[in-house]
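From a predicted model like this one, the values you see are computed outputs, not experimental measurements.
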Amino acid sequence: MSSTMWATTSAKPTPLSAKASSRRSSLCIVRCSLRDLRDRISSVKNTQKITEAMKLVAAAKVRRAQEAVVSGRPFSEALVDVLFNINEQLDIDIDVPLTRVRPVKKVALVVVTGERGLCGAFNNNIIRKAEQRMEQLKQLGIEYTVVSVGKKGNSYFQRRPYIPVDRFLESASLPTTKDAQAIADDVFSLFVSEEVDKVELLYTKFVSLVKSDPVIHTLLPLSPKGEICDVNGVCVDAAEDELFRLTTKEGKLTVERDTVRTQTTSFSPILQFEQDPVQILDALLPLYLNSQILRALQESLASELAARMSAMSSASDNAVELKKTLSILYNRQRQAKITGEILEIVAGANALA
């Protein structure tokens, strides 16, 4: 019975589906009692209340997550400037383990997924991106291993033992430096011990409340200037960020957009470093690695919450449409029942006359 009820909710059906929908609706009128329809309408109302509440919760959380992303930008950009200035003042090439480039025979893929569901195709998109990258590496004859971050990714890879996984990690509801450090320590040991020759980070980049893009960034080897680049060698500059403010107008949730430019400090050309440049880079590059991983976790969380907000909004809209359709069916069946009773009364009166 439930499948019949849900079948009547298709919006803008094609001519063939419209005929099938009308046929199913007629069957529902015959098969479903008024009590069943009332229970179904009550259930849809409760579902709508739940999805509306989840939408508002996700809206509040995505705002905090985006603020965490934006607030972390100044530190990351200042660290880039420090690395750039150190590199500019070096007259000789130095050998730092995290910047060592060697022929790629094996790649570590750090796949960042969500901790929960009910967020549309968010987790499926990043997993599909990882599968495409694995297929590319397989065609190139390059081995790979996976560092899975997030419960959804962990359960996916655990059900597929043919995919080599180095480690399963979980992230907190709000990513912290401790979570990023756990990932950084794992990829650091893999790269420095030469178990892998390259580390790629796969996560969902937060673009807007209605859009997020699964991306692949080369995490190791690091550039001596502190830049982070994608697999095609295109360096990513995230100094400019579009900020979305969630407000309410006339009782409805609306979005206001602002563009925020991260302010970074410029270093004096006469600035000199007393310590050995190798020691400075050895201290700063792991810190930069940690900051980039933390930033990716924050971006992924913001994208997940935005996707959940959009999914719950769609679910609420679908519940409204379903409730409207069921109310029409209920009213029609009730009217038909009343009309039948009136006809029976009239027929009885005519028989007695």
So [Y] and [X], do their side chains get closer than 4.5 Å, heavy atoms only?
X	Y	result
Val104	Ile142	yes
Glu52	Met312	no
Val110	Ile183	yes
Asp166	Leu190	yes
Val107	Val199	no
Met309	Met54	no
Leu289	Leu219	yes

Heavy-atom pair with the smallest gap, counting every atom of [X] and [Y]:
X	Y	answer
Ala307	Cys119	CB-O, 3.4 Å
Ile126	Pro214	CD1-CB, 3.9 Å
Lys152	Thr113	C-OG1, 3.9 Å
Ala319	Val44	O-CG1, 3.3 Å
Gly114	Phe122	N-CE2, 3.8 Å

Does a donor on one side chain and an acceptor on the other come within less than 3.5 Å for [X] and [Y]?
X	Y	value
Gln181	Asp185	yes
Asn46	Ser43	no
Ser148	Asn154	yes

Return yes when atom [atom1] of [X] has more than 12 non-hydrogen atoms of other residues, nucleotides or ligands closer than 6.0 Å, and no otherwise.
X	atom1	value
Lys61	NZ	no
Glu341	CD	yes
Arg160	CZ	yes

Open item on the list: Taking the six-membered ring of Phe191 as reference, does the cationic atom of Arg102 (NZ for Lys, CZ for Arg) lie under 6.0 Å from its centre and within 45° of its axis?
Closed with: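 Pair Arg102/Phe191 counts as cation-pi.
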Going from [atom1] on [X] to [atom2] on [Y], what distance comes out if it is rounded to the nearest 0.5 angstrom?
X	Y	atom1	atom2	value
Leu109	Thr145	CG	OG1	8.0 Å
Thr339	Arg334	OG1	CZ	10.5 Å
Tyr203	Ser300	OH	OG	9.5 Å
Ile328	Gln333	CD1	CD	14.0 Å
Leu326	Ile41	CG	CD1	5.5 Å
Lys323	Glu321	NZ	CD	10.5 Å

TODO: Name all residues meeting the side-chain hydrogen bond (donor to acceptor under 3.5 Å, both in side chains) criterion together with Arg128; count only those two or more places apart in sequence or in a different chain, and write none if there are none.
DONE: Asn125
TODO: List the steps, then state whether side chain to side chain contact (heavy atoms under 4.5 Å, CB included) holds for Leu201 with Val112.
DONE: CA-CA 8 Å; Leu201 181 63; Val112 182; 4.1 Å; yes
Task: Pairing residues for Ile345 by the side-chain contact (heavy atoms from CB on, under 4.5 Å) criterion, not counting sequence neighbours - done: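 Listed in chain order: nothing, the list is empty.
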Task: Lys/Arg N to Asp/Glu carboxylate O, Glu135 vs Arg133, below 4.0 Å - done: no
Task: Electrostatic pair Asp197:Lys106 at N-O distance under 4.0 angstrom - done: no
TODO: Begin from the C-alpha positions of Ser316 and Thr51 and carry the test side chain to side chain donor-acceptor pair (under 3.5 Å) through to its verdict.
DONE: CA-CA 6 Å; Ser316 299; Thr51 54; 2.8 Å; yes
TODO: Would you please test Asp179 and Thr176 for side chain to side chain donor-acceptor pair (under 3.5 Å) and show each step?
DONE: CA-CA 5 Å; Asp179 300 323; Thr176 61; 3.3 Å; yes
TODO: Take Val149 and Val111 through the test side chain to side chain contact (heavy atoms under 4.5 Å, CB included) and record every step on the way to the result.
DONE: CA-CA 6 Å; Val149 182; Val111 183; over 6 Å; no
Task: Chi angles and distances behind the side chain to side chain contact (heavy atoms under 4.5 Å, CB included) call for His217, Glu200 - done: CA-CA 6 Å; His217 286 169; Glu200 294 180 353; over 6 Å; no
Open item on the list: Determine whether Val320 and Gln48 satisfy the following criterion, side chain to side chain contact (heavy atoms under 4.5 Å, CB included), listing intermediate values before the conclusion.
Closed with: CA-CA 7 Å; Val320 172; Gln48 181 186 357; 3.3 Å; yes
Task: From Gln298, Glu304, Glu299, residue fulfilling side-chain contact (heavy atoms from CB on, under 4.5 Å) relative to Leu301 - done: Glu304
